[in-house]
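One structure below.
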Amino acid sequence: MYSMTPINPPLDPYAGATPSFAEAVSAADAPPVSHEEFEAVQRELDQALAKADDHWKLYLGAHAEMENLRKRAERDVQNAHKFALERFFSELLPARDSLELGLAATHDAVEVAKLREGVELTLKQLAAAMEKFGARELNPLGAKFNPNEHEAMAMLPTDQAEPNTVVQVLQKGYLLNERLLRPAKVLVAQALPKPAS
C-alpha cells in the first residue's frame, strides 16, 4: 500500500513567481527612499499622467473632427448626386419653354415659315446649352469611317465617294467632354463590284 505524505509548501513563498514580481518584492526590501526623491518621482508621475490626459483629449478631438468630416463628405456626395444636373436643366428650360410656346401657337392659324423659324431658334438654344456643358455634335458626312465614333448601318456601293467614307448620316453622334456619348449612325461607301468578264 502506498502511504500518502502531505506535500509541504516551499519555504520561500515567492520561489515560483515571475522575475519581475520577485524583483519587486526584493526592491521592497531595499532601503527606504528619501522624502525629496519620493516627491520628485511623484511630480514626474503627475506630469506623465497630465501629458497622457492631454494626448487623450487631443485624440478624442481629432476623432470627432474626422467623424464630422466624413459625415460632411457623405452629405456633399449625396447633394452632388441629387443636384449635379441642376445647372444643365436650368439651361434646357428656355428651349422647353420655346417648344411649348410653339406648340401652343399651332392651335391658331400659323404660317409654316414662322413655325419653322421658331423651331430653328429653339434648336439653337438647345445646341448652345449642350455646348456649354461640353457636348459636341458628330456629323461625319464625307469623313473617313471611324469605328470609335461611328456605327455603320450598311455599306453602300457607289462610285460617287471614296470607299470607306461616310456617304450619309442617319443619326448624328455626340461627344461629351471628348468622350463618346452616342456614335453617329452612318452609311459607308463601298467600291462598286467589278463587272464579270
Side-chain angles (χ1 to χ4, degrees), residues 58-197:
L58 286 172
Y59 163 75
L60 290 178
H63 182 70
E65 177 128 359
M66 288 303 295
E67 274 299 301
N68 289 340
L69 282 172
R70 185 185 62 76
K71 288 176 183 175
R72 190 177 310 126
E74 281 178 7
R75 264 195 320 272
D76 290 347
V77 167
Q78 286 173 352
N79 286 340
H81 285 300
K82 277 185 191 176
F83 304 112
L85 297 176
E86 183 178 14
R87 283 184 46 223
F88 179 67
F89 279 112
S90 67
E91 291 290 328
L92 289 182
L93 289 177
R96 180 178 175 143
D97 293 341
S98 296
L99 285 171
E100 288 173 348
L101 286 172
L103 191 59
T106 60
H107 294 301
D108 303 330
V110 177
E111 294 177 30
V112 174
K114 287 194 180 226
L115 189 60
R116 180 181 177 87
E117 183 183 338
V119 170
E120 285 173 349
L121 287 172
T122 303
L123 188 58
K124 282 181 184 175
Q125 280 180 323
L126 183 60
M130 290 174 70
E131 280 179 31
K132 189 172 184 177
F133 287 91
R136 187 168 58 87
E137 181 182 283
L138 284 176
N139 190 359
L141 185 63
K144 281 281 187 194
F145 176 73
N146 178 354
N148 295 324
E149 295 182 346
H150 312 147
E151 183 180 346
M153 303 308 289
M155 299 296 285
L156 187 66
T158 182
D159 60 354
Q160 303 298 311
E162 269 188 54
N164 210 29
T165 58
V166 175
V167 290
Q168 187 177 348
V169 178
L170 303 174
Q171 186 181 62
K172 294 175 187 174
Y174 290 90
L175 295 172
L176 180 59
N177 297 318
E178 302 310 312
R179 181 175 170 182
L180 187 66
L181 189 60
R182 181 179 80 185
K185 294 184 178 181
V186 297
L187 297 180
V188 181
Q190 181 182 35
L192 289 172
K194 294 180 181 174
S197 42

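Basis for what follows: all heavy atoms, side chains included, without hydrogens, waters or symmetry-related copies.
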(request) Evaluate side chain to side chain contact (heavy atoms under 4.5 Å, CB included) for Y174 paired with M130, printing each intermediate quantity in order. (result) CA-CA 10 Å; Y174 290 90; M130 290 174 70; 4.0 Å; yes

(message) Between E162 and K144 (salt bridge meaning N to carboxylate O under 4.0 Å), is one present in this structure?
(response) yes

(message) To the nearest 0.5 Å, what is the distance between NZ on K172 and CG on L141?
(response) 10.5 Å

(message) Is it true that T158 and Q190 share a donor-acceptor pair across their side chains at a distance under 3.5 Å?
(response) no

(message) Would you compute the distance between atom CG of L99 and atom CG of L121 and round it to the nearest 0.5 angstrom?
(response) 11.5 Å

(request) Work out which heavy atom in S98 is nearest to a heavy atom in Q125; give both atom names and the distance. (result) OG-OE1, 2.9 Å

(request) Would you name the heavy atoms of D159 and L192 that are closest together and state the gap between them? (result) CB-CD1, 3.6 Å

(request) Considering non-hydrogen atoms only, spot the tightest contact between V188 and A152 and give its length. (result) CG2-CB, 3.9 Å

(message) Nearest 0.5 angstrom please: E149 CD to L181 CG, how far?
(response) 12.0 Å

(message) What I want to find out is whether E100 reaches R96 closely enough, with some N-O distance under 4.0 Å, to be called a salt bridge.
(response) yes

(request) Step by step, work out the side chain to side chain contact (heavy atoms under 4.5 Å, CB included) result for L180 and N148. (result) CA-CA 8 Å; L180 187 66; N148 295 324; over 6 Å; no

(request) Report the C-alpha distance between K124 and E120 in whole Å, list the side-chain angles of each, state the deciding distance to 0.1 Å, and finish with yes or no for side chain to side chain contact (heavy atoms under 4.5 Å, CB included). (result) CA-CA 6 Å; K124 282 181 184 175; E120 285 173 349; 5.5 Å; no

(request) Can you see which heavy atom on L138 is nearest to which on R182, and at what distance? (result) CD1-O, 4.4 Å

(request) Measure the spacing between CD of E86 and CG of N79 and express it to the nearest 0.5 Å. (result) 10.0 Å

(message) If we ignore hydrogens and angles and just use 3.5 Å, is the side chain of H150 paired with the main-chain N or O of N146 as donor and acceptor?
(response) yes

(request) Heavy atoms only: give me the nearest F133-N177 pair and the separation to one decimal. (result) O-OD1, 4.0 Å

(message) Any salt bridge linking R136 with E131? Criterion: basic side-chain nitrogen under 4.0 Å from a carboxylate oxygen.
(response) no

(message) For the backbone of A161 and the side chain of T165, can you confirm whether one donor and one acceptor N or O come within less than 3.5 Å of each other?
(response) no

(message) Using the salt bridge (Lys or Arg N to Asp or Glu O under 4.0 Å) definition, which of the options K71, R72, R70 pairs with E74?
(response) R70

(request) Taking all non-hydrogen atoms of both residues into account, name the closest pair between V167 and A189 and its distance. (result) CG1-CB, 3.6 Å

(request) Check the pair L101 / T122 against side chain to side chain contact (heavy atoms under 4.5 Å, CB included), numbers first and verdict last. (result) CA-CA 10 Å; L101 286 172; T122 303; over 6 Å; no

(request) Answer whether the closest heavy-atom distance between the side chains of L187 and L170 falls below 4.5 Å. (result) yes

